[in-house]
Each structure stands twice: as structure tokens, then as C-alpha cells.
Amino acid sequence: MRSAVAVTLGVAATCSAVVIALAAAGGGMHEVSPPTSGAAGASGGERALQLFRRPSTATDVLSRDLLEGPLLEGDVVDGGTARRAQVTGTRALYVARGRRPGTLCFVAPGGLGCGDTAALHEDGLMWGSSWREGEPNRVEGLVADSVTAVTLELEDGSRLLTVPRDNAFSFATGGRPRELSWTFADGATDATPVSLGGR
Amino acid sequence: MRQSAASLLPTSVIAAIAILVAVLAVAPAANAQCGSSTGCLPGSGYTLTNDYCGVLFGPGSCSDGSQHTYGFNSADYDGSGTPTICAAAEYPSGLDSFGWCGPRLARSCFSTSCNDQDSTLFVVYIQFPSSRHTGYGKGKA
């Protein structure tokens, strides 16, 4: 899936050389930062995300609508691990460990998506798309700590750019999404096609 | 001398309370018509759960084709790899109504509150845009 690794050279500082060497040797793999502190409830792959390394606060508690609705039916997420991502200018977006081992879920009013934590760390990004009559189309998801920017390309060729916050990103658009691309701190990029379903 | 509470109440009041208790005991827990009412609990109103698909397919979609006033849809993929799956609902005309695509478990509701909405017929389906997989779908109407 990785499309290109284009790191601009010319930096003589030792730390930059190390970063470049690691990027080349890793064949496109981007290791996320190791956990630095323990947040109650989070463990393993989640703690590799900055979002889970901060203490839980009152704003992280899943809302009543979510807890009592069908989205979380079947105990699909560990609500005690939930964190609310402070994504600017969008609806509430919560992230929590999935009950299925090795999964992370993000949940918003009216929708939920879960994916493999390992895939998030390997690819750097986990995405979901949603649509509903009378509302904009949305592309939302999670990124590893090392991702610094996410771009959504629409079918008309226009592009939307956002900077992830709390390991999360969210796009709301009247257009139809075509491709997501993201940029790592070392300048490498990756991309994946996205869609809104449709038979 | 202590008296019971019942002995202090008129017979008519006791009868009214008894009737009310009996009515509440047999009433359904959820309001089946949340589409136009207020005060429904989040996610309430559903009277039908439809487990559809199960085994097959892809690239393509899977549905049992039955039309209901679905308000909730779920697609679950348990296999290996990271395919994209979609839980979606469409009108009989084929136009999309609501849905969510994601890597392993995708759930979506017609309304933000996830209450049932008895207004429009939908067909629900799950979709694998890329390769052959097995998925499980569930819709609530």
C-alpha cells in the first residue's frame, strides 16, 4: 500500500541522518513511539498512541446515547478505555479498545468502526467513511503518533488537508471521497483508496 | 398502633394503582414508534432484528433483500487481512440512505440517536469492495 518514500536529504545533523537511515532500512515501516506512561485501562498497542497515554477525564466518558444505543450492543468496546479525541470542528469522536483482542474502535454519534491495532501501527492510519441523508459525507479515523498530516482527495480532484489531533482526524464534505493520503514526520507518505460503499 | 399504608388509602386509589401496575407489567419495554415522538430512549423502538448474509462472497455485496424500516445496520468481518467492509442501507430505488465503511466492524444508524425511524423502507447490506470474504450482517427495524 505504501506508495512512495521521498525523504529530502541534505541535512547534516546526526539525528536527521539516523532518521533517514531508519526509514530506508525499514522498507517503509514506521515504528510508533513506545509508551511513556501508563493510562488506566489502556495497554499494549493502545498505549503506543499518545491519546491513551494521558489520564482519563470526565470528557472521555462515553455519552448516554452511545452507551444505551445499538452501536455498542454486544459489548464490542471496553468503555473504560475510552478517550474523546479533541478533533477540531467536528462531532464527538471517541476512541476505545475493542473487546475483540487486538482491535481499536472509534465511535461517533450514529456510527462505529473497529480495526486491528497492529494494522494501524504498521500502516500508520485506520479509516472509516460514513454517509447519511441530510448530512455531509465523512471520512474519519485514527493515526499513529508519527503521522503529521492527512489529506483527502475527492472525486472532483479537490483536496482537503487536516492535521491530526489526539491521534484522530475527521473530514466532512459534500463531495465524494476518492483517496486518503498521509504524511509521516520523516516526510514519507502513504495512501489508500476510500469510498462510501455503494453497490 | 401502626397501620399499613394500604389501610390509609381509599379503595378507589388502591384499585387505580393496581391497574397502573398491571398495565406497565405487560407494556413493551421499548417504544416502537420513535420516528416522530420525543422522549424515546437512545436506540429504542426496534421490533425486528434481521441477521443476514453469513457466508459468501465478494467483491460485491450481500443482503437478504427484505425491505424494512431499518434504523441500524452492522457488518462484521472475522477473517484475516484488513479488507474494507461496509454496512449500508439503501432505498428500494437503489439510492443510498446511510452507512459506514471500515476495516473489521462497521455499524451505522439512520438517526444520530440511533432510535428507530419508521418512515422509509430500506434494504440493508454489507459490501466488500475488493476481494472474496465472509461477513456477517445484522439490521434492526
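Chain naming here is simple, since letters A, B, ... match the order of the sequence lines and numbering starts at 1 in each. Computed from a predicted model, the values in this text were never measured in an experiment. Side-chain atoms are counted along with the backbone in the values below, which use heavy atoms only and exclude waters and symmetry mates.
For Asn73(B), no part sits under 4.5 Å from any heavy atom of chain A, backbone or side chain. Residue contact with chain B, scored on non-hydrogen atoms closer than 4.5 Å, is absent for Val139(A). For Ser97(B), the parts lying near chain A are the backbone and the side chain together; criterion is any non-hydrogen pair under 4.5 Å.
Residues Trp100(B) and Leu112(A) are not in side-chain contact: their nearest non-hydrogen atoms beyond the backbone lie 4.5 Å or more apart. Between Ser108(B) and Ser130(A), every side-chain heavy-atom pair lies at or beyond the 4.5 Å cut-off. Annotation: side chain of Cys109(B) is in contact with side chain of Leu71(A) (closest heavy-atom distance under 4.5 Å).
Summarising the geometry, atom NZ belonging to Lys138(B) is positioned 5.0 Å from atom CD belonging to Glu73(A); distances are rounded to the nearest 0.5 Å. Leu105(B) CG to Arg99(A) CZ: the interatomic distance, rounded to the nearest 0.5 Å, is 14.0 Å.
At a threshold of 4.5 Å between side-chain heavy atoms, the hydrophobic network of Ile, Leu, Val, Met, Phe, Trp and Tyr places Phe72(B) and Leu67(A) in one connected group. There is a path of hydrophobic side-chain contacts, each under 4.5 Å, that joins Val150(A) to Leu160(A). Linking Ile, Leu, Val, Met, Phe, Trp and Tyr residues whenever their side-chain heavy atoms come within less than 4.5 Å places Phe169(A) and Leu154(A) in a single cluster. With hydrophobic clusters built from ILVMFWY side chains whose heavy atoms lie under 4.5 angstrom apart, Val163(A) does not share a cluster with Val143(A). At a threshold of 4.5 Å between side-chain heavy atoms, the hydrophobic network of Ile, Leu, Val, Met, Phe, Trp and Tyr places Val61(A) and Tyr94(A) in two separate groups.
Closest approach of Gly110(A) and Cys114(B) over heavy atoms only: CA-SG, 4.1 Å. Contact detail for Thr103(A) and Arg104(B): the closest heavy-atom pair is CG2-CD, 4.1 Å. For Thr84(B) against Trp127(A), the heavy-atom pair with the smallest separation is OG1-CZ2, 3.6 Å.
The backbone N or O of Gly113(A) lies less than 3.5 Å from no partner atom in the side chain of Arg107(B), so there is not a single donor-acceptor pair. Side-chain N or O atoms of Arg132(A) include none that pairs as donor or acceptor with a backbone N or O of Phe98(B) at under 3.5 Å.
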Full working for side chain to side chain contact (heavy atoms under 4.5 Å, CB included) between Leu196(A) and Cys101(B): CA-CA 7 Å; Leu196(A) 294 176; Cys101(B) 293; 5.9 Å; no
Could you please spell out the steps behind the side chain to side chain contact (heavy atoms under 4.5 Å, CB included) verdict for Glu135(A) and Thr112(B)? CA-CA 10 Å; Glu135(A) 295 187 14; Thr112(B) 299; 3.6 Å; yes
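Taking a cutoff of 4.0 Å between a charged side-chain nitrogen and a carboxylate oxygen, Asp76(B) and Arg100(A) qualify as a salt bridge.
Annotation: maximal heavy-atom pairing with chain A below 4.5 Å, among Gly94(B), Pro103(B), Gly102(B), occurs at Pro103(B).
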